[in-house]
Amino acid sequence: MPETEAPTRGAVMKSLAAVAAALTLAVAGCGGGEDADPTGVGFEDCAEEPTTCNSGERAEGGDLVWAVDGKWEAWGQADIYGSSLATSVVNQPLRPTVFSFDQNGEIHYNDGIYAGAPELLAEAPLTVAYHLKEEATWGDGTPIGVDDFVWHQRATSGDEAQCAQCTPASSYGANVASIEAVEGNTVVVTYVDGYLDAEWYAAGVITHPAHIAEARGHADWRTDPAVMAASVADFSEHPPLDYSAGPFKMVEGVLGEYAKYVPNPEWTGSQQSTLDSLTLKYINGAEAMATELRQGTIDGAAPSSFDPEILDQLASEEGLKYTVAPQSGWAHVDANLNNPFLSDRALREAVFTAIDAGDVNERAFGTAYEDVETMQNVLFRPDSPYWTDQVADGGLGSGDVEAARAILEGAGYTWQDGQLLTPAGEQVVLRYRTGIEGNAFTPIIQDLVITYLAELGIELTVDPIPAGELSSVLDEGDWDLIQFSWIETPLFASSAADYWGEGNHTGFQNDEVDAIVAELATTLDRDRAAELNNQAAQISLDEAVQLPLAWTPALVMVDEDVVNVRDNWATTMRVFSNVGEWGFLEESA
């Protein structure tokens with residue numbers, strides 16, 4: 001997803017324990033933290049102990065206030081209006097997630113809802129069993145059950161006969177053939193014939209409680225698609241004060257302003273809160289967050305972007321801890337192939353050859369983090385067994401202006417008065433877009449790109465993206481060159497389809513990639529899925545569709561008495577992946 005605001009299968013394993021073990025071992029190799037020490041104070045142990053750093057014995061009680069910088073515009077999670085990262089974050093303390101990844105890339109299933117990992121029952125058709133805990137409830141005494149699976153399937157079906165005029169947040173429901181309850185508190189999901197997913201165990205299967213939809217006046221959601229749609233809209237429009245499937249229950253909430261939680265007494269998961277309350281409060285920008293942290297009006301924050309100058313302020317303030325390290329976002333510059341100029345591969349290749357990715361990273365991200373690593377693979381980190389060097393010999397990101405000019409000359413481009421002209425004699429003018437509001441890194445990148453392309457005689461006009469409008473700009477193709485960040489996770493099976501498949505934001509179309517996307521939908525072999533995705537990524541790089549830059553630095557800042565908060569590159573939720581464990585340090589510890 002855009003950042004404003006992703007086990008080896010052989011024979012079918014029918015033992016639940018075997019499935020869980022295989023997934024844990026396989027996923028553990030899909031990513032990881034950096035070897036270098038992070039910048040900051042109080043989080044030094046995160047370099048060696050990423051899953052347990054900043055830990056401590058928690059005091060009983062306390063009201064923790066956390067700042068979030070995404071202004072959520074919906075409460076629900078099933079439709080596109082609630083699919084933003086901001087909405088996911090504000091709902092994380094009560095969301096019915098299936099799993100999470102830790103900082104080592106290892107998968108952990110939600111032990112507050114499930115008795116274990118999902119179980120693969122059959123490959124043809126793909127059939128998966130979910131073993132629910134008998135004690136798992138929606139926080140109001142009602143057990144989580146098969147109706148909740150069915151409600152979510154209908155909400156995400158994309159089928160007018162099931163949910164009229166709905167705009168689903170995912171395509172999950174469109175691939176489901178049936179859902180049924182079986183003995184042992186188990187729900188079995190059977191997918192349509194021919195559909196396969198190498199990451200079948202990671203599907204999101206529930207979002208909202210069906211019985212609450214009925215209690216809110218939508219009793220006929222199963223049979224009336226208009227009523228079903230109304231229930232989806234209801235969950236988006238109203239705060240979830242009447243249910244919870246997480247360690248906290250929301251007791252107050254104002255859209256886009258704040259959400260207050262208290263511990264959920266019915267929660268039986270391993271993350272058990274010691275807090276009296278947790279309040280998530282919208283604050284615009286890292287500087288304002290740091291000011292309130294210093295004043296003691298909040299206890300912590302993990303802003304999506306920040307100005308490195310803020311680090312000096314944090315370092316000089318007693319009673320605070322902070323850390324900066326590469327996390328889940330990766331920055332890149334993309335070309336819009338629907339642009340008449342950039343439809344020419346030679347021009348794209350020259351543009352991305354002239355840009356010096358290493359220089360960009362050092363001069364932008366290096367202001368916050370010393371050991372910035374330039375990306376050589378757009379899907380896997382260097383410590384992944386699936387990593388391959390996809391950039392080194394290609395010239396992209398080398399900053400070699402002479403090589404870039406040679407590419408243009410060979411394609412028939414000329415220059416007049418220093419301006420680049422197409423073979424038809426038209427001056428090349430491109431529109432460059434990125435979101436610079438509240439972000440100290442992107443203006444640096446923008447200025448460098450302007451400088452690099454000026455050496456090729458390319459006139460670049462700058463058109464900043466207003467805050468919160470990145471998704472619409474991408475969807476509308478309202479750009480020629482664009483720089484932003486994708487947020488990654490250890491999941492990758494759908495990457496080729498999302499980034500370079502039909503309808504992708506760059507307008508790139510390639511028959512080989514389309515064939516790869518088609519094959520990915522027919523395999524459960526995760527190693528093969530990795531190989532295929534790497535092939536698609538290599539094709540896109542060879543076609544100069546995008547230029548990867550680096551994993552972007554992320555900041556976490558907390559009061560010195562806050563424990564068990566730690567950043568997590570392997571999930572879009574970052575620090576919120578273990579929100580149920582947050583607390584204040586026991587004074588006697």
Side-chain angles (χ1 to χ4, degrees), residues 6-27 30 77-78 95-101 106-134 136 143-159 162 168-208 210 245 489-494 497 520-529:
T8 301
R9 299 303 312 167
V12 178
M13 294 180 292
K14 295 191 177 180
S15 161
L16 184 59
V19 172
L23 295 184
T24 300
L25 292 173
V27 176
C30 295
Q77 293 278 287
R95 286 203 306 154
T97 55
V98 176
F99 71 97
S100 65
F101 287 107
E106 294 183 4
I107 199 165
H108 298 270
Y109 289 98
N110 188 338
D111 62 2
I113 296 178
Y114 300 97
E119 182 180 7
L120 181 63
L121 299 181
E123 293 187 4
L126 178 61
T127 307
V128 181
Y130 295 88
H131 303 279
L132 297 170
K133 290 178 67 175
E134 291 186 6
I144 294 173
V146 65
D147 282 352
D148 306 313
F149 283 72
V150 174
W151 186 93
H152 178 68
Q153 180 273 321
R154 289 180 175 275
T156 58
S157 67
D159 181 2
Q162 297 186 60
S170 76
S171 60
Y172 164 78
N175 298 311
V176 173
S178 66
I179 299 174
E180 61 179 336
V182 300
E183 293 183 1
N185 212 36
T186 295
V187 175
V188 174
V189 178
T190 302
Y191 292 85
V192 297
D193 285 336
Y195 174 81
L196 291 176
D197 181 357
E199 291 166 342
W200 53 269
Y201 50 85
V205 291
I206 52 176
T207 48
H208 301 291
T489 75
L491 298 174
F492 60 81
S494 66
L520 282 167
T522 63
T523 182
L524 292 183
D525 186 333
R526 202 159 191 260
D527 291 339
R528 177 60 176 161

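Index from 1, following the sequence.
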Using modelled atom types only, decide if a donor and an acceptor are shared between the side chain of Gln162 and the backbone of Ser157 within a distance under 3.5 Å.
no
Testing Val128, Ile179, Leu121 for side chain to side chain contact (heavy atoms under 4.5 Å, CB included) with Val188, which one passes?
Leu121
Tell me, with the steps shown, if His131 and Thr186 meet side chain to side chain donor-acceptor pair (under 3.5 Å).
CA-CA 4 Å; His131 303 279; Thr186 295; 2.8 Å; yes
Please name the pair of heavy atoms, one in Ile113 and one in Ala245, separated by the smallest distance, quoted to 0.1 Å.
CD1-O, 3.8 Å
Distance (rounded to the nearest 0.5 Å) between Tyr191 OH and Glu123 CD:
14.0 Å
Just wondering, do Thr127 and Thr190 contact through their side chains at under 4.5 Å, heavy atoms?
yes
Check whether any side-chain heavy atom of Trp151 lies under 4.5 Å from a side-chain heavy atom of Thr207, and answer yes or no.
yes
Heavy-atom closest pair (Ala493 atom, Ala198 atom, distance to 0.1 Å) is CB-CB, 4.3 Å
Mark yes or no for whether Gln77, through its side chain, and His208, through its backbone, hold a donor-acceptor pair below 3.5 Å.
no
Taking all atoms of both residues into account, what is the closest heavy-atom pair of Phe492 and Glu199, and its distance?
N-OE2, 2.8 Å
N/O donor-acceptor pair under 3.5 Å between Asn185 side chain and Leu132 backbone:
yes
Name the orientation class of the two ring planes belonging to Phe149 and Tyr130 (parallel below 30°, tilted from 30 to 60°, perpendicular beyond 60°).
tilted
Leu126 vs Leu120 side-chain heavy atoms within contact, under 4.5 Å
yes
Check: Asn110 side chain, Thr97 main-chain N or O, donor-acceptor pair, under 3.5 Å:
yes
Looking at Asp111, is its backbone amide N or carbonyl O close enough to the side chain of Lys133 to form a donor-acceptor pair, meaning the two atoms are under 3.5 Å apart?
yes
Please report the closest heavy-atom contact between Phe99 and Ala202, naming both atoms and the distance.
CE2-O, 3.3 Å
With rounding to the nearest 0.5 Å, note down the distance linking CD1 in Ile206 to CG in Asp147.
12.0 Å
For Tyr109 versus Ile107, what's the shortest heavy-atom pair and its separation?
OH-CD1, 3.5 Å
Point-to-point distance, once rounded to the nearest 0.5 Å, from CZ of Arg95 to OG of Ser100:
10.5 Å
Which heavy-atom pair separates Ala78 from Thr156 by the least distance, and what is that distance?
O-CG2, 4.1 Å
